[in-house]
Amino acid sequence: MMFQAPKGVPEYYPPRSAIFLAVREAFAKAAANAGYSYIEVPVFEDTALFARGVGESTDVVTKEMYTFTDRGGRSVTLRPEFTAGVLRSTLEHNLHQGQLPVKLWTTGPAFRYEQPQAGRYRQLQQFNVEAIGTEDPAVDAETIAIAWSGYRALGLTKVRLMLNSLGCRNCRPQYRAALQDFLRRLDLDEATRQRVEINPLRVLDDKRPEVRAQLADAPLIPDHLCASCKSHHDKVRTLLEDLSIPWEDNPRLVRGLDYYTRTTYEFDHPDLGAQSGIGGGGRYDGLSEDIGGPRLPGIGFAVGVDRIILAIEAEGLAVDTPPRVAVYGVPIGEEAARRMFALVHELRAAGIAADMAYGSKGLKGAMKGADRSGASHAVILGERDLAAGTAQVKNLQTGEQSAVPLAEIVTTLKERLTS
RNA sequence: GUGGGUGUAGCUCAGUUGGCAGAGCACCAGGUUGUGGUCCUGGGAGUCGUGGGUUCGAGUCCCAUCAUCCACCCCA
């Protein structure tokens, strides 16, 4: 084999690719139903946008970015996530000057240079939702509800929601100091000690048992929230209760990106191995200012399409794949093939999905093609039919077959397909 | 970046102490020169990941390398 897909890039081809579209469709529908509009943003941006937006101290920025210099000498980076780009676009085009919040969804690939493993890829597919311009906790709950609806629409039953609040610019610094004070007294490796100084909250997320054991008595964020953050957090939870969306409070949930404030949440699935997070999001009330914009709060989430597909498969859910076409043309001989080509075109123009056998296959091979296409009807056309000005219309389920004048094929099939 | 597992036909895999490279599925053709699914018969296919070494002889043993999978760190 001469060429292979780049390392860590999953590909979806038929028949499995149908699941990919179904996942996107489920979330797009949930977002659109909640009044969110589509936004198309670049796959690459100025490197500085991500460095400042996502955070200089994050793993994503320090070691996972696909960064390169373009021919004009500019440093550009393939997006490692969507939020920074969506917010940049919102500000650049003054979408926030209209009525708030600005509600947007988008989808596509993101890129992180990591060592691939189950559910972790260098090109990952995300579905993304952002609500920009309000601090109303109802919008926090709304984004959660959209993600939840998407999972439900796909039939997933084992998705767990974990919820936390990271505080704001007023209460986070005190908590951060208290946490650092605690962490500095622990027995930690060099990399983790550095993290204590740069981004202590992320130490709480460590999965290693030897670290975890030492964190049992660590100060937790919910105990250090200021009055307004506490009230915000309580309101979000009350609203989730109203919607009967079950969640689990997780005071150690911090997430890896620097811009999160107040509400953070994560969805995970128990059957996915080590990479179990299938979606996550939170509030980013300071991000706009971080990237040079006005004060503009926001909240959003991304769900991982690749991992959701793995979850669908892990739960053994069948995604119904409709037949490729409704009608399949079976020509016998060159003259018939030419006539059939036009007939198939007519069927398509009439809104009937149709395909035909190509490459002068034998009748038997062509019928096989009809069978595999999933079509409910075959149209068979040979010398005898041409001479009579008819074609044989065959119901592939029942085997019934009858001659129909060529001029009436389209209307006849239209009737038979709706009945 | 670190650790471990696996690379043989399109797919899933078998291959004994080193001795002619195989099966199932899929695909194609025929059985039926104008009829699919089931059945029967036949067929095409592989530089055994790649490069080197040991040997009369390597899919099998050794070394290197690449790819892939799983895990750590971290994240969707």
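By convention in this document, chain letters (A, B, ...) are assigned in the order of the sequence lines, proteins followed by strands, and residues within each chain are numbered from 1.
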Classify the side chain of A:Glu114 and the base of B:A76 as holding, or not holding, a donor-acceptor pair under 3.5 Å.
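For A:Glu114, whose side chain was compared with the base of B:A76, there is a donor-acceptor pair (under 3.5 Å).
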Touch class at under 4.0 angstrom, heavy-atom based, for [X] against every strand present:
X        : result
A:Lys368 : sugar-phosphate
A:Gly119 : base
A:Gly399 : base
A:Arg372 : sugar-phosphate
A:Arg122 : nothing
A:Glu81  : nothing
A:Ile380 : base
A:Ala118 : sugar-phosphate
A:Gly382 : base
A:Gln392 : base
A:Phe267 : nothing
A:Lys394 : base

Applying salt bridge (charged side-chain N to carboxylate O under 4.0 Å, His left out) between A:Glu135 and each of A:Arg283, A:Arg262, A:Lys235, report the one that passes.
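Looking at A:Arg283, A:Arg262, A:Lys235, the match for A:Glu135 under the salt bridge (charged side-chain N to carboxylate O under 4.0 Å, His left out) is A:Arg262.
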[X] has an atom [atom1]; how far is it from atom [atom2] of [N], in whole Å?
X        : N     : atom1 : atom2 : answer
A:Met340 : B:G34 : CE    : C1'   : 13 Å
A:Gln115 : B:C66 : CD    : P     : 12 Å
A:Glu64  : B:A76 : CD    : P     : 10 Å

If the [atom1] atom of [N] is compared with that of [M], how far apart are they to the nearest Å?
N     : M     : atom1 : answer
B:G3  : B:U47 : P     : 33 Å
B:U60 : B:G15 : P     : 14 Å
B:A45 : B:A23 : C1'   : 15 Å
B:C63 : B:U54 : P     : 15 Å

From B:G36, B:U68, B:G34, pick the nucleotide closest to the side chain of A:Met367?
B:G36
Verify whether one side chain among A:Glu40 and A:Tyr38 offers a donor that lies under 3.5 Å from an acceptor in the other.
yes
A cation-pi test, strictly: NZ or CZ of A:Arg122 under 6.0 Å from the centre of the six-membered ring of A:Tyr113 and no more than 45 degrees from its axis. Yes or no?
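Positive - A:Arg122 is close enough to the ring of A:Tyr113 and near enough to its axis.
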